[in-house]
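We use all heavy atoms of the structure for the numbers below, so side chains are in, but hydrogens, waters and symmetry mates are not. What you are looking at is a predicted structure, and each value in this text was computed from that prediction instead of being measured.
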Amino acid sequence: MRYIIIGAGAVGGTVGGRLAQAGREVVLVARGQHLAALAERGLKLRVPEGESTYRLPAVEGPDPLGELRADDVLLLAVKTQDTVAALEAWGEAPVAGGGTAAERLPLVCLQNGVESQRLALRRFRHVYGVCVWLPSTFVEPGVVSAAGTPLTGILHLGRYPHGTGTARRIAADLAAARFEVPVVPDVARWQYAKLLGNLGNALEAVSGPVDSEQAMALYARVRAEGEAVLDAAGIAYASAEEQKEARADKVTLVPLDGSPRGGGSSWQSLVRGTGTIEADHLNGEIVLLGRLHGTPTPLNELLQRLANRFAREHRPAGSLPVAELVRLAEEAVGAVDR
């Protein structure tokens, strides 16, 4: 199978580089300066065992590839806010032998949250979800890093909304590329568990690392809101014990020369000044479910609003003091109680 990585940033670039290292055929999809760097110098992947460069086909969209192949797999690794544009660009791409990508090819959502696969299923027949546990960083155009060892990451994979389909074939290739890939019939259960962890992304993005007593206490309250909402909605999610057992010590982070890891995906969006952030599909997912099921979510609403404001106004990542964020949180909760 050939893997077309739609969104070859931190996660997509890491997966694409590792697949290429394992001898699989890979096409990278990117835009702007990143695309130019990939085309000119190749993809540089920094991992604990060293830096490697992979000269891979790099395109902005499907047109340069002509007809897609019947054995192509589309790995969607853009941020959720960019999903619709990617689906529109690739869904109607013709496939050799007849039909379109949306009709014939598997689309694997390698993303945070749960919204992208729902959006994809409106257009694509064969949709797969992934619970992504892959610490990685977009260093600069053409360069990504992943500090995990001995495994690069753990990717729970399954067909959406349920089942496995051809997931085992995809999983075998990813397993050869230094990932552990449990194939599960209930991938959404793992993704909702990851979503609870991702509720701290906005907190980190606006106020810095969640390592102080104040920050950790606030995150615990934000997560408790999320758990209450999922429980009210009757949505199952993997327990903390299951996640700990699945990860164990399989992915240990090590410092990488020239690749400081400043923060998670939302932090990186602010640092890069992209102008957008995925908070609407992380904290915003909890807010949506809370409104649907009558459960208040003032803390997640606050973080969603602040993260979007920081992205829109290009404010520096981590520039809101934690004490000020806690004060705003208390005001938000108090407004609900009144």
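The closest side-chain heavy-atom distance from Trp133 to Gln243 is not below 4.5 Å. Side-chain contact check for Ile154 versus Pro182: some heavy-atom pair is nearer than 4.5 Å. Between Val26 and Leu43 the shortest side-chain heavy-atom distance does not fall below 4.5 Å. Looking only at side-chain heavy atoms (C-beta outward), Leu110 and Ile5 stay at 4.5 Å or farther from each other. For the pair Asn112 and Lys194, the minimum side-chain heavy-atom distance is below 4.5 Å. A heavy-atom distance below 4.5 Å is found between the side chains of Leu75 and Leu19.
Between the side chains of Gln111 and Thr83, at least one donor N or O lies within less than 3.5 Å of an accepting N or O. In this model, a donor atom of one side chain and an acceptor atom of the other lie less than 3.5 Å apart for Gln81 and Thr276. Looking only at atom types and distance, the side chain of Ser265 has a donor-acceptor partner in the side chain of Glu278 under 3.5 Å away. Side-chain N/O atoms of His126 and Arg159 include a donor and acceptor closer than 3.5 Å.
Arg104 contributes a side-chain N or O that, together with a main-chain N or O of Gly98, makes up a donor-acceptor pair within less than 3.5 Å. Judged by distance alone, the side chain of Tyr54 and the main-chain N or O of Gly16 form no donor-acceptor pair under 3.5 Å. Side-chain atoms of Asn300 come within 3.5 Å of backbone atoms of Val222 as a donor-acceptor pair (strictly under, hydrogens ignored). With hydrogens and angles disregarded, a donor-acceptor distance shorter than 3.5 Å links the side chain of Ser207 to the backbone of Leu320. At least one donor-acceptor pair under 3.5 Å links the side chain of Glu204 to the backbone N or O of Gly264. At distances below 3.5 Å, not a single donor-acceptor pair connects side-chain atoms of Glu324 with backbone N or O atoms of Pro321. Between the side chain of Thr164 and the main chain of Ala167, no donor-acceptor pair closer than 3.5 Å is present. Proximity of a side-chain donor or acceptor of Gln191 to a complementary backbone N or O of Val130 within less than 3.5 Å is detected. A donor-acceptor distance shorter than 3.5 angstrom exists from the side chain of Gln268 to the backbone of Gly263, with no hydrogens or angles considered. The closest donor-acceptor contact from the side chain of Arg2 to the backbone of Asp71 lies at 3.5 Å or more, if one exists at all.
The hydrophobic cluster containing Val326 also contains Val210, counting ILVMFWY residues as joined when their side-chain heavy atoms lie under 4.5 angstrom apart, directly or transitively. There is a path of hydrophobic side-chain contacts, each under 4.5 Å, that joins Leu302 to Leu199. When the side chains of ILVMFWY residues are joined at heavy-atom separations under 4.5 Å, either directly or via intervening members, Val184 and Val108 end up in two distinct hydrophobic clusters. Transitive grouping of hydrophobic side chains (ILVMFWY, heavy atoms separated by less than 4.5 Å) keeps Val229 and Val287 in distinct clusters. In terms of hydrophobic clustering, with Ile, Leu, Val, Met, Phe, Trp and Tyr side chains grouped at heavy-atom distances under 4.5 Å, Leu218 and Val333 are assigned to a common cluster.
Grouping Ile, Leu, Val, Met, Phe, Trp and Tyr by side-chain contacts under 4.5 Å, direct or through others, puts Val59 with Ile4, Ile6, Val27, Val29, Leu65, Leu68, Leu74, Leu76, Val78, Val84, Leu87, Trp90, Val95, Leu105, Leu107, Leu119, Leu121, Phe124, Val127, Tyr160.
Under a cut-off of 6.0 angstrom, the local environment of CD in Glu213 is sparse, with at most 12 non-hydrogen atoms contributed by other residues, nucleotides or ligands. Within 6.0 Å of CD on Glu92 lie no more than 12 heavy atoms contributed by other residues, nucleotides or ligands. The number of heavy atoms from other shown groups lying within 6.0 Å of CZ (Arg312) is above 12. Atom CZ of Arg31 has 12 or fewer heavy atoms from other residues, nucleotides or ligands within 6.0 Å. Within a 6.0 Å sphere centred on CZ of Arg169, heavy atoms belonging to other residues, nucleotides or ligands number 12 at most. In this structure, Glu313 places its CD atom where more than 12 heavy-atom neighbours from other residues, nucleotides or ligands lie under 6.0 Å away.
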- Could you go step by step and tell me if Val73 and Thr166 meet the side chain to side chain contact (heavy atoms under 4.5 Å, CB included) rule? CA-CA 10 Å; Val73 175; Thr166 60; over 6 Å; no

- Test Glu225 against Arg221 for salt bridge (Lys or Arg N to Asp or Glu O under 4.0 Å), laying out the working first. CA-CA 6 Å; Glu225 270 190 6; Arg221 296 169 65 192; over 6 Å; no

- side chain to side chain contact (heavy atoms under 4.5 Å, CB included) between Ile235 and Leu289, worked out: CA-CA 10 Å; Ile235 294 174; Leu289 289 171; 3.8 Å; yes

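The existence of a salt bridge linking Glu330 and Arg327 is excluded, since no basic side-chain nitrogen approaches an acidic carboxylate oxygen closer than 4.0 Å. Salt-bridge annotation for Glu49 and Arg18: present, with a side-chain N of the basic residue lying under 4.0 Å from a carboxylate O of the acidic one. Salt-bridge check for Glu140 with Lys44: failed, with every basic side-chain N at 4.0 Å or more from each acidic carboxylate O.
Across every non-hydrogen atom of Thr14 and Ser145, the tightest pair is OG1-O, 4.0 Å. The heavy-atom pair separating Ala20 from Leu56 by the smallest distance is CB-CD2, 3.9 Å. Here the closest non-hydrogen pair linking Gly129 and Val187 is O-CG2, 3.4 Å. Nearest heavy atoms, Gly148 versus Pro48: O-CG, 3.6 Å.
The cationic group of Arg24 does not satisfy the cation-pi geometry with Tyr3, failing either the under 6.0 Å distance to the six-membered ring centre or the 45° limit from the ring axis.
The ring pair (Phe, Tyr, Trp, His ring centres under 6.0 Å) analysis of residues 170-212, with sequence neighbours excluded, yields the pairs His156-Trp190.
To the nearest 0.5 Å, atom CG of residue Leu282 and atom CG of residue Leu303 are 11.0 Å apart.
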